[in-house]
Peer 1: 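Structure provided below as structure tokens; questions to follow.
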Amino acid sequence: MSVADAFDAVAGSYDQARRRLVPCFDAFYGTAVEVAAPPLRAALTAGRTPEVLDLGAGTGLLSLLLAAAVPGVRLTLVDGAPGMLAVAAAHLDARGVPHRTVHADLAGPLPAGRYDAVVSALAVHHLDDSGKRALYRRAADALVPGGVFVNAEQVAGPTSALDRRYDEVWTARITELGSDAEEIAAARERMRHDRPATVAEQCRWLAEAGLVDVDCFFKEWRFAVFGGQRPGGPAR
Ligand SMILES: C[S@@+](CC[C@H](N)C(=O)[O-])C[C@H]1O[C@@H](n2cnc3c(N)ncnc32)[C@H](O)[C@@H]1O
């Protein structure tokens with residue numbers, strides 16, 4: 001089963017399980033929104049519609065949070081799973097948020113446009129490391145000067161011992177939060193497609209892609225939020 005098929009198979013129930021499977025849900029997505037918001041607000045102040053590109057947008061969780069935090073944004077959601085995008089489009093339509101969905105592979109060209117923020121959550125770790133680096137270069141190139149890239153991501157531990165510890169803590173927390181054996185087994189099945197990299201490696205790739213002020217803004221075990229800014233715009 002491909003990654004897209006694995007997610008399309010759970011598109012209808014995906015949202016309900018998220019708060020269990022991402023134990024730090026609010027801080028994790030909330031930090032991504034905080035990192036992305038300043039250039040969006042700056043665009044609004046300048047009289048422009050802020051443009052956001054969401055990579056591996058799935059059912060639109062991050063896009064919806066951004067649209068709620070910064071009303072007036074226009075969203076482009078890219079994903080390889082059409083069923084996930086259909087759920088996202090229904091959510092965004094219901095809230096009257098301007099958007100377009102693009103069914104495409106993150107390994108290919110990004111939808112044409114210049115974006116005030118390129119965002120992603122829990123998607124880039126499905127690419128191999130050369131795919132991640134190439135995607136970070138394309139994302140940086142797609143930003144307007146001063147635009148922000150942020151990735152709320154599942155990362156590898158810097159050592160195999162820490163990686164095992166990340167997994168133990170995650171399993172204990174999601175069990176406490178009510179994930180049953182079936183939900184954990186289904187998540188682990190999808191995780192067979194995962195190829196996470198460390199925060200340090202990925203921050204280095206973002207800097208190599210030309211971004212500045214690269215930082216990890218949040219980290220709780222395997223969940224991290226990192227990103228940077230394209231030079232040339234107003235300071236954050
Ligand atoms: C765990 S979900 C995350 C969805 C959403 N960003 C969120 O935070 O809930 C991962 C998403 O990435 C998409 N994805 C994974 N690899 C992809 C690829 N190579 N090209 C396009 N989409 C991909 C999957 O289809 C899925 O919708």
Side-chain angles (χ1 to χ4, degrees), residues 1-33 35-36 52-69 75-92 97 99-111 117-136 138-139 142 149-155 170 174 179 183-184 186-197 218 220 222-227:
M1 188 186 267
S2 71
V3 182
D5 289 344
F7 282 99
D8 266 349
V10 295
S13 59
Y14 178 88
D15 289 349
Q16 292 91 307
R18 281 294 97 183
R19 282 182 181 274
R20 287 190 295 277
L21 296 177
V22 184
C24 53
F25 184 99
D26 287 322
F28 179 66
Y29 282 97
T31 302
V33 169
V35 174
V52 177
L53 176 62
D54 187 349
L55 305 173
T59 59
L61 274 179
L62 180 54
S63 281
L64 285 157
L65 290 168
L66 266 172
L75 297 152
T76 300
L77 290 80
V78 187
D79 204 286
M84 295 286 275
L85 283 178
V87 174
H91 289 322
L92 291 162
V97 178
H99 68 276
R100 63 176 165 149
T101 56
V102 179
H103 176 211
D105 196 308
L106 295 177
L110 297 179
V118 178
V119 304
S120 188
L122 299 173
V124 178
H125 68 269
H126 292 110
L127 305 181
D128 63 19
D129 286 354
S130 67
K132 293 183 191 80
R133 293 174 80 164
L135 178 61
Y136 290 159
R138 290 196 300 278
F149 172 81
V150 63
N151 188 10
E153 186 57 298
Q154 180 182 317
V155 299
W170 179 72
I174 65 172
S179 276
E183 188 167 84
I184 295 173
R188 287 207 179 279
E189 179 61 27
R190 288 194 300 277
M191 287 162 70
R192 283 160 25 95
H193 297 281
D194 292 356
R195 295 146 166 178
F218 169 87
E220 190 171 299
R222 69 163 36 151
F223 296 97
V225 178
F226 50 88

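Keep in mind the model is a prediction, meaning the values are calculated, not measured. Atoms within each ligand, like the ligands themselves, are counted from 1 in listed order.
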Peer 1: For atom 6 (N) of ligand 1, which candidate among Ser63, Gly58, Gly56 provides the closest heavy atom?
Peer 2: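 Residue with the shortest heavy-atom distance to the ligand atom: Gly56.
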Peer 1: Working note: Lys132 + Asp129, criterion salt bridge (Lys or Arg N to Asp or Glu O under 4.0 Å); need CA distance, chi angles, decisive distance, verdict.
Peer 2: CA-CA 5 Å; Lys132 293 183 191 80; Asp129 286 354; 2.8 Å; yes
Peer 1: What closest approach, in Å, do Leu135 and Leu127 show between heavy atoms, and which atom pair accounts for it?
Peer 2: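 Leu135 and Leu127 have their closest heavy atoms at CD2-CD1, 3.7 Å.
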Peer 1: Backbone or side chain, does any N or O of Asp54 fall under 3.5 Å from an N or O of ligand 1?
Peer 2: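 Such a contact does not occur with ligand 1.
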Peer 1: Is there a donor-acceptor pair closer than 3.5 Å between any side-chain N or O of Asp8 and the backbone N or O of Met84?
Peer 2: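 Side chain of Asp8 to backbone of Met84: a pair is present.
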Peer 1: Can you tell me if Arg138 uses its side chain to pair, donor with acceptor, with the backbone of Gly108 under 3.5 Å?
Peer 2: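 Answer holds: yes.
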Peer 1: Give the residue and atom name of whichever protein heavy atom lies nearest to atom 10 (C) of ligand 1, and the separation in Å to one decimal.
Peer 2: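 So the nearest neighbour among protein heavy atoms is Leu122 O, 3.3 Å.
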Peer 1: If you take all heavy atoms of His103 and Ala81, which pair is closest and at what distance?
Peer 2: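 Minimum heavy-atom separation between His103 and Ala81: CD2-N, 4.2 Å.
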Peer 1: Heavy atom of Ala57 under 4.0 Å from ligand 1?
Peer 2: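 Checking ligand 1 against Ala57, which is what was asked, there is a heavy-atom contact under 4.0 Å.
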Peer 1: Please list, in number order, the atoms of ligand 1 under 4.0 Å from a heavy atom of Val3.
Peer 2: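 Under 4.0 Å from Val3, ligand 1 has these atoms: 15 (C), 16 (N).
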Peer 1: Taking only heavy atoms of His126 into account, list the atoms of ligand 1 that are under 4.0 Å away from them.
Peer 2: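 Ligand 1 atoms under the 4.0 Å threshold to His126: 10 (C), 15 (C), 16 (N).
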Peer 1: Just by modelled atom types, is the Phe226 backbone N or O under 3.5 Å from a matching donor or acceptor in the Glu153 side chain?
Peer 2: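 Answer holds: no.
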Peer 1: Quick one: closest heavy-atom pair of Asp54 and Ser120, and the distance?
Peer 2: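 The pair with the smallest heavy-atom distance is OD1-CA, 4.1 Å.
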Peer 1: Minimum heavy-atom separation for Ser2 and His193, please, with both atom names.
Peer 2: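 Result for this residue pair: C-CE1, 3.8 Å.
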Peer 1: So, regarding Leu106 and ligand 1 (criterion: nitrogen or oxygen to nitrogen or oxygen, under 3.5 Å), is there a contact or not?
Peer 2: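 Between Leu106 and ligand 1, an N or O pair is found under 3.5 Å apart.
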Peer 1: Is there a polar contact between ligand 1 and Ala123, counting only N or O atoms under 3.5 Å apart?
Peer 2: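 Among all N and O atoms of Ala123, none is under 3.5 Å from an N or O of ligand 1.
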Peer 1: Which protein non-hydrogen atom lies closest to atom 2 (S) of ligand 1, naming both residue and atom, and how far is it?
Peer 2: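 The closest heavy atom on the protein side is Tyr14 OH, 3.3 Å.
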Peer 1: Can you name the atoms of ligand 1, numbered from 1 with element, that are less than 4.0 Å from a heavy atom of Leu127?
Peer 2: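 Taking each heavy atom of Leu127 in turn, ligand 1 has 19 (N) under 4.0 Å.
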Peer 1: Which one of Val87, Asp5, Asp79, Leu135 has a non-hydrogen atom at the shortest distance from atom 24 (C) of ligand 1?
Peer 2: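 The option holding the nearest heavy atom is Asp79.
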Peer 1: Quick one: which ligand 1 atoms are inside 4.0 Å of a heavy atom on Ala104?
Peer 2: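 Within the 4.0 Å cut-off of Ala104, ligand 1 contributes 20 (N), 21 (C).
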Peer 1: Which ligand 1 atoms are under 4.0 Å away from a heavy-atom of Met84?
Peer 2: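 Near Met84, meaning under 4.0 Å from one of its heavy atoms, ligand 1 has 27 (O).
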Peer 1: Give the numbers and elements of all ligand 1 atoms closer than 4.0 Å to a heavy atom of Gly80.
Peer 2: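 Answer for ligand 1: 21 (C), 22 (N).
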Peer 1: Got a donor-acceptor contact below 3.5 angstrom from the Asp105 side chain to the Gly80 backbone?
Peer 2: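 Side chain of Asp105 to backbone of Gly80: no pair is present.
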Peer 1: Ala81 heavy atoms, cut-off 4.0 Å: which ligand 1 atoms fall inside?
Peer 2: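 Those qualifying, in numeric order: 25 (O).
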Peer 1: Please could you name the atoms of ligand 1 that Tyr29 approaches to less than 4.0 Å, counting only its heavy atoms?
Peer 2: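 Those of ligand 1 that fall under 4.0 Å from Tyr29 are 7 (C), 8 (O), 9 (O).
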Peer 1: Where do Pro111 and Arg100 come nearest, in terms of heavy atoms and distance?
Peer 2: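 Heavy atoms of Pro111 and Arg100 come nearest at CB-NH2, 3.8 Å.
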Peer 1: Hey, would you say the Phe7 and His126 ring centroids sit under 6.0 Å apart?
Peer 2: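 Phe7 vs His126: aromatic centres under 6.0 Å.
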Peer 1: Give me the nearest non-hydrogen protein atom to atom 19 (N) of ligand 1 as residue plus atom name, then the distance to 0.1 Å.
Peer 2: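 Going atom by atom, the protein heavy atom closest to atom 19 (N) of ligand 1 ends up being Asp105 OD1, 3.0 Å.
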